[in-house]
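Whatever order the structure lists them in is the order used to number ligands and atoms, beginning at 1. Starting from 1, each residue takes its place in the sequence as its number. Just so it is clear, the model here is predicted, and its values are computed rather than measured.
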Amino acid sequence: MHEFDGLKEECGLFGIWGHPEASELTYMAMHSLQHRGQQGAGMVSSSGEYLFGARGMGLLTEALSKDQLDSLKPFPHAIGHTRYASSGGSELSNVQPFLFKSHTGDLGLAHNGNLVNAMNLRRALEDQGSIFQTTSDSEVFAHLLRREKGAGEEGLEKRKNRIKKTLKQLKGAFAFMIMHEDSLTVALDDHGVRPLMLGKKDGSHCVASETCAFTAIGADYIRDIEAGELITITDDGIDFDYYTDQTYPNMCSMEYIYFARADSEFRNISTYRIRKELGRALAEEMDVEADIVIGVPDSSLAAAKGFSEAIGIPQEQGLLKNRYVGRTFTEPGQEARERAVRMKLSPVRDIIEGKRLIVIDDSIVRGTTSRFIVKALKQAGAAEVHMGVSSPPLKNPCYYGIDVSTHAEIIASRKSRDEIRDEIGADSLTYLSVDRMHDVYHQFGSKGQCDACFTGNYPIDIEEAILPQEKDLKQKGV
Ligand code: SF4
């Protein structure tokens with residue numbers, strides 16, 4: 001899948017407590033999480049007495065100036081956030097971490113995920129007098145925490161209990177970093193939908209959405225943070241707890257398939273290995289004769305490798321990706337998307353001319369990329385183009401922090417496999433089955449996977465999050 005045609009992850013998180021270079025390390029780590037959000041970035045640092053923040057729009061290099069970074073350098077505790085807006089608009093006020101000031105102390109907040117009951121909670125809070133500064137679902141947490149009985153009372157234990165009570169009011173997917181002057185608390189929702197990892201750098205604890213952030217700063221990856229877990233880091237050490245004892249692990253399947261970087265690890269297994277295995281599984285279900293296998297760069301190359309090894313025909317680099325196409329080509333709209341894909345992907349004629357190709361892509365969302373790829377490969381002389389998708393047909397919107405929010409945007413929710421094959425112009429189209437996908441995840445020690453965008457079985461009730469136009473379609477049985 002190409003990023004202009006597909007799904008976009010909402011955010012990347014990184015935080016570190018008690019390191020003399022906390023801000024520089026956070027900035028470096030955020031670079032490796034840039035793929036999780038490119039619309040804005042920010043940092044909040046703690047001096048131990050007060051919190052200080054900086055944020056801006058665009059890629060990290062555009063969002064934070066040298067002066068802003070220098071202003072945060074003296075402080076030993078920092079959190080950072082890269083943002084793609086799937087909830088709330090893309091204006092500066094929604095860029096995180098949020099920094100709230102009050103006479104009882106400062107609060108820094110960064111969130112990855114989406115709260116399905118945010119709309120209702122927000123309305124109730126507004127009716128009780130709250131005034132929101134942003135349109136982000138994440139701000140709801142800060143208002144609820146502030147209203148929790150005993151807000152401002154001294155003591156980490158009391159604060160932890162208030163955070164626990166607040167988290168219990170939330171429904172949906174969340175990985176939170178909650179910074180006070182003297183503590184960094186991280187929490188993962190009871191389904192553990194979004195990834196959150198614990199690491200250590202020079203004796204200081206750090207957390208990140210993906211382990212590639214630890215690699216970037218030379219930190220050790222300790223372990224994955226569990227569903228329902230609540231971890232508090234202070235100058236005195238680290239406290240492990242749960243905000244709830246009722247947990248239902250349902251990690252996002254698309255993290256393995258597409259979102260995470262290939263070098264990031266889950267339960268000590270690289271995304272690369274998992275993707276390769278998904279490719280091998282697809283090979284068992286795809287019965288096509290061909291000369292070469294081509295992966296759509298970059299996220300599908302590992303699956304193509306696994307597929308090629310399984311069927312014993314060579315994998316070639318038949319498509320090249322132009323890494324230097326700027327964001328000028330990321331405007332919404334079908335025509336702009338097609339132009340973006342054409343600028344980004346280019347067939348290698350010498351490799352594909354006269355060949356029967358199997359093209360492996362990790363997923364199809366709108367179909368724009370697939371249609372372009374098939375057309376470009378045939379124009380470059382391919383004899384046949386067979387499309388293999390290393391995930392099941394993506395049919396449903398995600399309400400847990402990914403940007404596809406209506407069925408109308410998703411080709412497989414409107415068309416059958418044969419119709420999609422005809423629309424993209426391929427000679428055949430094969431998807432990985434849901435069962436084989438889960439087989440692969442179990443093989444790698446999964447405790448449970450969300451597969452709602454493939455099956456429609458939403459592990460967290462979504463009724464409160466469904467857009468009015470989607471409800472209309474549902475009532476009409478569309
Ligand atoms: S619906 Fe799909 S994209 Fe969303 S969390 Fe579940 S598996 Fe991930």
Side-chain angles (χ1 to χ4, degrees), residues 1 3 5-13 35-37 84-87 111-118 137 170-176 188-196 209-210 224-225 227-228 247-261 264 266 271 274-275 278 299 303 361-366 389-413 431-442 444 446-467 470 474:
M1 170 168 47
E3 66 255 40
D5 178 37
L7 306 169
K8 290 195 175 65
E9 176 64 83
E10 194 176 357
C11 303
L13 305 179
H35 61 289
R36 298 183 74 87
Y84 178 82
S86 74
S87 165
H111 172 208
N112 177 27
N114 191 49
L115 304 177
V116 293
N117 64 342
D137 61 325
L170 306 179
K171 273 192 234 158
F174 57 80
F176 274 124
L188 196 59
D189 70 76
D190 53 1
H191 287 72
V193 178
R194 297 279 145 239
L196 194 58
S209 295
E210 289 182 37
D224 300 26
I225 293 173
T247 59
Y248 321 88
N250 265 287
M251 162 107 180
C252 169
S253 290
M254 286 304 293
E255 290 283 350
Y256 299 133
I257 293 166
Y258 174 69
F259 296 130
R261 249 174 53 166
S264 284
F266 297 92
T271 315
I274 299 173
R275 284 185 191 155
L278 290 168
S299 55
D361 205 349
D362 50 44
S363 46
I364 297 178
V365 183
R366 295 178 177 87
V389 184
S390 59
S391 66
L394 197 146
K395 295 181 174 175
N396 306 288
C398 175
Y399 297 91
Y400 308 142
I402 306 304
D403 78 330
V404 174
S405 54
T406 66
H407 282 95
E409 297 171 80
I410 304 170
I411 193 168
S413 78
Y431 287 95
L432 181 66
S433 66
V434 172
D435 287 348
R436 283 300 284 127
M437 176 184 78
H438 282 298
D439 286 347
V440 171
Y441 293 154
H442 287 141
F444 287 109
S446 164
K447 292 184 179 165
Q449 295 295 141
C450 173
D451 60 12
C453 47
F454 309 121
T455 63
N457 301 325
Y458 290 93
I460 306 167
D461 185 31
I462 55 166
E463 199 52 34
E464 292 180 76
I466 298 179
L467 298 171
E470 281 282 297
K474 227 173 135 189

Proximal atoms of ligand 1 relative to [X] (non-hydrogen, under 4.0 Å):
X      : value
Cys252 : 3 (S), 5 (S), 7 (S), 8 (Fe)
Ile402 : 3 (S)
Val193 : 5 (S)
Ser253 : 7 (S)
Ala452 : 1 (S)

How far apart are the closest heavy atoms of Thr271 and Arg261, and which atoms are they?
OG1-O, 3.2 Å
Check whether any side-chain heavy atom of Val440 sits under 4.5 Å from a side-chain heavy atom of Leu432, and report yes or no.
no
Is there a side-chain contact between Pro459 and Tyr248, using heavy atoms and a 4.5 Å cut-off?
no
Tell me which one of Gly113, Gly456, Pro459, Cys453 gets a heavy atom nearest to atom 1 (S) of ligand 1.
Cys453
Apply side-chain contact (heavy atoms from CB on, under 4.5 Å) to residues Tyr256 and Met251 and explain how you reach the verdict.
CA-CA 10 Å; Tyr256 299 133; Met251 162 107 180; 4.3 Å; yes
Sequence neighbours excluded, the answer for side chain to side chain contact (heavy atoms under 4.5 Å, CB included) partners of His438 is Val434, Tyr441, His442, Gln449, Asp451
Test side-chain contact (heavy atoms from CB on, under 4.5 Å) applied to Leu170 and Phe176, step by step
CA-CA 12 Å; Leu170 306 179; Phe176 274 124; 3.6 Å; yes
Contact between Gln449 and ligand 1, counting heavy atoms under 4.0 Å?
no
Is any side-chain N of the basic residue among Lys171 and Glu464 closer than 4.0 Å to the acidic one's carboxylate O?
yes
N, O or S atom of Cys398 closer to atom 4 (Fe) of ligand 1 than 2.8 Å:
yes
Heavy-atom distances under 4.0 Å are what count here, so tell me which part of Arg194 touches ligand 1: side chain, backbone, both or neither.
side chain
